[in-house]
4 protein chains.
Amino acid sequence: MSEEKHSGGRPRDADAAASIKAATLKLVRERGYNKVSIAAIASAAGVARQTLYNRWSTKADLVLEAVFEETGHYADAPLHNPNKSCKLQLEAFLIQVFTHLKESGSPIRSLIAAAQDDPAFREALRERFVKPREVLVIDLLQRAQDQGELSRTRDVKMLSNFIHGAFWYALLNGEPVDARLARDIANEIFVA
Amino acid sequence: MSEEKHSGGRPRDADAAASIKAATLKLVRERGYNKVSIAAIASAAGVARQTLYNRWSTKADLVLEAVFEETGHYADAPLHNPNKSCKLQLEAFLIQVFTHLKESGSPIRSLIAAAQDDPAFREALRERFVKPREVLVIDLLQRAQDQGELSRTRDVKMLSNFIHGAFWYALLNGEPVDARLARDIANEIFVA
Amino acid sequence: MSEEKHSGGRPRDADAAASIKAATLKLVRERGYNKVSIAAIASAAGVARQTLYNRWSTKADLVLEAVFEETGHYADAPLHNPNKSCKLQLEAFLIQVFTHLKESGSPIRSLIAAAQDDPAFREALRERFVKPREVLVIDLLQRAQDQGELSRTRDVKMLSNFIHGAFWYALLNGEPVDARLARDIANEIFVA
Amino acid sequence: MSEEKHSGGRPRDADAAASIKAATLKLVRERGYNKVSIAAIASAAGVARQTLYNRWSTKADLVLEAVFEETGHYADAPLHNPNKSCKLQLEAFLIQVFTHLKESGSPIRSLIAAAQDDPAFREALRERFVKPREVLVIDLLQRAQDQGELSRTRDVKMLSNFIHGAFWYALLNGEPVDARLARDIANEIFVA
DNA sequence: GAATAATCGAGACGGTACGTCCTGTCTTCAA
DNA sequence: TTGAAGACAGGACGTACCGTCTCGATTATTC
């Protein structure tokens with residue numbers, strides 16, 4: 001069902017996509033998004049330049065896919081853990097996110113940057129990166145309100161903005177995005 | 001005293017700097033940062049391309065200066081207004097900042113983006129844009145604590161991060177950065 | 001056999017080479033070598049600038065090829081004509097060379113000039129322009145000696161230098177290089 | 001009489017001209033004419049760039065003066081030496097010229113090259129370098145005819161062209177311009 | 001002695017050209 | 001039809017020069 005029909009012609013090289021994404025991640029981490037050309041990625045992947053254009057329409061698309069291929073799935077992981085307080089669940093979630101960033105922080109910063117001049121790409125980033133995390137956090141905060149751990153007077157949407165905003169702000173300003181930040185954010189959100 | 005000494009050689013054309021910055025702002029607002037070439041700025045300013053290179057080492061530097069030349073001073077404006085509650089002062093401050101962004105939001109988004117691939121430039125942006133606003137907000141929050149308007153249990157540094165983070169998050173995600181957001185942020189900070 | 005193998009990749013546009021060389025000759029004759037920029041040639045040929053760099057490493061190389069493409073072959077023409085005296089054969093040969101110069105004298109002067117600052121290019125010019133003509137003249141003079149038309153005491157290598165030197169000297173000094181010069185040279189060589 | 005009246009204003013620095021010419025010769029010999037910029041000469045001479053423009057209108061003019069300043073006078077030296085045969089006088093003269101070229105050959109090649117794109121400069125070179133040597137050689141050859149050392153049937157103007165042409169040809173083709181060439185030329189001219 | 005005027009060091013300016021790099025498209029051959 | 005290879009149009013980049021110009025400072029001559 002997920003297999004597209006192959007109607008004649010040479011089939012796509014299955015290995016190509018993997019080696020391209022690997023080369024993309026490697027180069028972007030080493031040199032930074034803007035210092036990596038499409039030609040350099042193709043060359044590092046041992047692939048013709050056209051092969052990249054066959055599959056991704058822009059460099060941003062490619063990097064987006066490369067970055068979230070491997071690690072994009074953790075967002076589906078069950079955040080709900082009845083044994084822990086919501087505050088600790090939030091902290092644990094942030095630590096999980098920040099750990100991923102330790103490796104891919106630079107590419108993600110680059111993606112956010114690339115999104116600023118390309119509305120279509122900004123939307124893609126929103127769908128794949130931003131919204132899933134917002135949903136998780138908002139759910140968690142609502143659960144906290146249901147369980148009386150968080151006051152019903154708090155605006156969970158704005159709190160979510162505070163949480164994500166705080167880590168974007170640190171990320172984009174080059175400040176450490178680590179366990180300490182996760183704890184400080186969680187503490188301040190659940191302060192009252 | 002603030003004038004740099006002129007130690008020989010033809011002095012720089014004072015008009016040139018102004019027309020270059022004006023052309024820069026105009027073009028960046030119209031087309032977006034990455035769609036504007038240095039040659040186009042020079043041409044619009046009626047100036048030789050080399051003249052830009054004589055004064056700014058990168059396009060980011062130029063745009064940074066152009067954006068904050070005119071509006072960078074309002075941060076010095078007295079934020080302290082004894083007749084208003086701190087919450088309203090915060091809201092007023094944010095409205096002021098957001099008003100500026102209505103005009104220069106796109107260039108500033110571009111600057112934040114450009115900073116992600118250039119540590120030196122990120123530092124410059126931090127000094128000229130980020131830090132001054134942090135200082136203002138932190139002072140205000142501390143005053144609020146002194147006056148009993150804000151609980152001493154709150155971490156003003158993290159609250160400042162929430163405030164700035166919330167607006168960066170909205171800005172970079174293409175959501176409205178307006179008076180409503182200012183009010184919502186102020187409300188949530190002073191919620192208790 | 002003389003065709004270079006095509007080992008993958010889009011083949012070079014055959015028309016492009018022709019139109020580039022044509023534009024090169026036209027512009028160099030009109031404006032002079034140093035007044036013609038690579039960009040101007042590309043533009044006149046309706047071709048991207050990079051296409052020129054793909055094929056020739058320097059402007060001198062390009063002009064060299066353009067100048068000798070059309071007319072470089074006459075050197076192969078049989079100089080040996082048993083019905084004429086060697087003196088008249090020399091005169092006819094020089095007239096032939098000088099006629100070519102009437103059209104391309106300016107580009108050739110430019111090539112000689114360009115060769116003075118580029119040893120590699122000087123060698124190329126020697127191979128394509130200088131040596132073939134030396135060989136022809138030396139052969140002719142030796143034939144003249146064999147037939148008793150020229151004394152065996154003469155040094156044909158030096159006489160060849162006299163002949164070519166005289167016409168370079170005239171060419172580079174802006175003096176007429178015409179049939180009269182051809183006759184005068186031939187007369188003086190066969191004077192005795 | 002050769003001193004121009006100085007009617008007010010700071011007089012020109014007398015040392016400047018010397019150090020400029022020295023720097024010019026040094027740099028042109030080291031790097032070649034086209035690889036030397038006016039700015040580099042000024043810098044090497046410890047002089048402002050404008051000072052060069054105050055005195056010479058083009059780089060070619062400057063180099064012309066620099067090259068012939070020191071050695072341009074030998075052409076006035078008496079070539080007539082009754083004790084030697086004209087052939088030996090010619091050989092001695094050529095050796096004298098070629099010795100100068102051993103040091104300044106490269107700049108002179110450059111000057112001939114530069115002249116090809118600048119008629120005014122070609123004329124200047126002709127006056128200062130070409131014609132004086134032609135006159136000397138023609139006089140010598142006429143003396144040789146008067147004394148019976150050279151046949152009256154020879155065209156001394158063309159012989160002069162042969163002589164100068166032969167050495168230009170060698171010079172511009174990168175062949176040795178030395179005592180051996182001087183002897184070979186003299187021998188062949190006086191062959192009969 | 002003061003005014004005048006040309007020169008000098010320094011360096012900005014308008015301009016032209018350079019050679020490199022990159023993007024996205026196209027065109028060939030081979031699989 | 002895909003892939004490898006590479007040419008092509010187009011455009012931006014940063015650098016290097018050129019010849020001109022504009023400063024402040026200097027150094028003569030002329031008044």
Side-chain angles (χ1 to χ4, degrees), chain A residues 6-16 34-40 42-43 46-55 57-59, chain B residues 5-17 34-43 45-55 57-59, chain C residues 5-17 34-43 46-55 57-59, chain D residues 5-16 34-40 42-43 46-55 57-59:
Chain A
H6 176 59
S7 62
R10 174 172 172 173
R12 286 191 169 176
D13 183 337
D15 301 337
N34 280 329
K35 305 280 175 52
V36 176
S37 70
I38 292 181
S43 166
V47 142
R49 205 153 49 90
Q50 181 62 43
T51 302
L52 270 73
Y53 287 106
N54 285 345
R55 301 173 185 225
S57 57
T58 65
K59 186 167 65 167
Chain B
K5 244 327 225 14
H6 175 56
S7 62
R10 175 175 174 173
R12 290 184 170 174
D13 185 336
D15 298 341
N34 280 330
K35 305 284 175 49
V36 176
S37 70
I38 292 179
I41 294 173
S43 166
V47 143
R49 202 157 51 90
Q50 182 61 45
T51 299
L52 271 72
Y53 288 107
N54 284 346
R55 299 171 184 231
S57 56
T58 64
K59 188 166 66 166
Chain C
K5 245 323 228 13
H6 174 57
S7 62
R10 173 176 176 172
R12 291 186 169 172
D13 185 337
D15 298 342
N34 281 329
K35 305 283 176 49
V36 176
S37 70
I38 292 179
I41 294 173
S43 167
V47 143
R49 202 155 51 89
Q50 182 61 46
T51 298
L52 271 72
Y53 288 107
N54 284 345
R55 300 171 184 231
S57 57
T58 64
K59 188 167 65 167
Chain D
K5 250 319 238 353
H6 177 59
S7 62
R10 175 174 174 172
R12 290 188 168 173
D13 184 338
D15 300 338
N34 280 329
K35 305 282 175 46
V36 175
S37 69
I38 291 181
S43 167
V47 143
R49 205 153 48 89
Q50 180 62 45
T51 301
L52 271 73
Y53 287 105
N54 284 345
R55 300 169 187 231
S57 57
T58 65
K59 187 167 65 167

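What you see below is based on every heavy atom in this structure, not just the backbone, and it leaves out hydrogens, waters and symmetry mates. Chain letters run A, B, ... following the sequence lines, proteins first, then strands; residues in each count from 1.
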Participant: Nearest to the D:Val47 side chain among E:dG14, F:dT2, E:dG9, which nucleotide is it?
Facilitator: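 Among the listed nucleotides, the one closest to the side chain of D:Val47 is E:dG9.
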
Participant: Taking all atoms of both residues into account, what is the closest heavy-atom pair of D:Ile38 and D:Arg49, and its distance?
Facilitator: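 Answer, listing the atom of D:Ile38 first, then D:Arg49: CG2-CG, 4.1 Å.
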
Participant: Under 3.5 Å, side chain of C:Arg55 to main-chain N/O of C:Arg12, donor-acceptor pair present?
Facilitator: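 No; zero donor-acceptor contacts below 3.5 Å.
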
Participant: Please tabulate, one pair per line, each protein N/O and nucleotide N/O from nucleotides 25-28 of chain E that are separated by under 3.5 Å, including the distance.
Facilitator:
residue	atom	partner	partner atom	Å
E:dT25	O4	A:Arg49	NH2	3.4
E:dC26	O2	C:Arg10	NH1	3.1
E:dC26	N4	A:Gln50	OE1	2.7

Participant: Between B:Asn34 (CG) and F:dC13 (P), how many Å, whole number?
Facilitator: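 After rounding, the reported distance stands at 10 Å.
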
Participant: Which heavy-atom pair separates B:Val47 from B:Thr51 by the least distance, and what is that distance?
Facilitator: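 Closest approach of B:Val47 to B:Thr51, heavy atoms only: CG1-CB, 3.5 Å.
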
Participant: I need the residues from residues 35-43 of chain C with at least one non-hydrogen atom less than 4.0 Å from DNA chain E; give them sorted by number, or say none.
Facilitator: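 Only C:Ser37, C:Ile38, C:Ala39 qualify.
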
Participant: Want to settle it: does A:Ser57 or D:Asp13 sit nearer the 5' end of DNA chain E, counting the closest nucleotide to each?
Facilitator: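 In this pair, the answer is D:Asp13.
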
Participant: Working to the nearest 0.5 Å, report the span between CG of C:Leu52 and OG1 of C:Thr58.
Facilitator: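 With rounding to 0.5 Å, CG (C:Leu52) is 11.0 Å from OG1 (C:Thr58).
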
Participant: How many Å lie between CG on A:Leu52 and P on E:dC22, as a whole number?
Facilitator: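 For the pair A:Leu52 CG and E:dC22 P, the rounded distance is 14 Å.
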
Participant: Expressed as a whole number of angstroms, how long is the span from A:Arg55:CZ to E:dG24:C1'?
Facilitator: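 After rounding, the reported distance stands at 18 Å.
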
Participant: Heavy-atom nearest nucleotide on DNA chain F for C:Thr51 versus B:Thr58: which residue maps closer to 5'?
Facilitator: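 The answer here is C:Thr51.
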
Participant: Check the phosphate of E:dA6 against D:Asn54, side-chain N and O only, distance under 4.0 Å to OP1 or OP2. Yes or no?
Facilitator: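 Checking E:dA6 against D:Asn54, no side-chain N or O comes under 4.0 Å of OP1 or OP2.
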
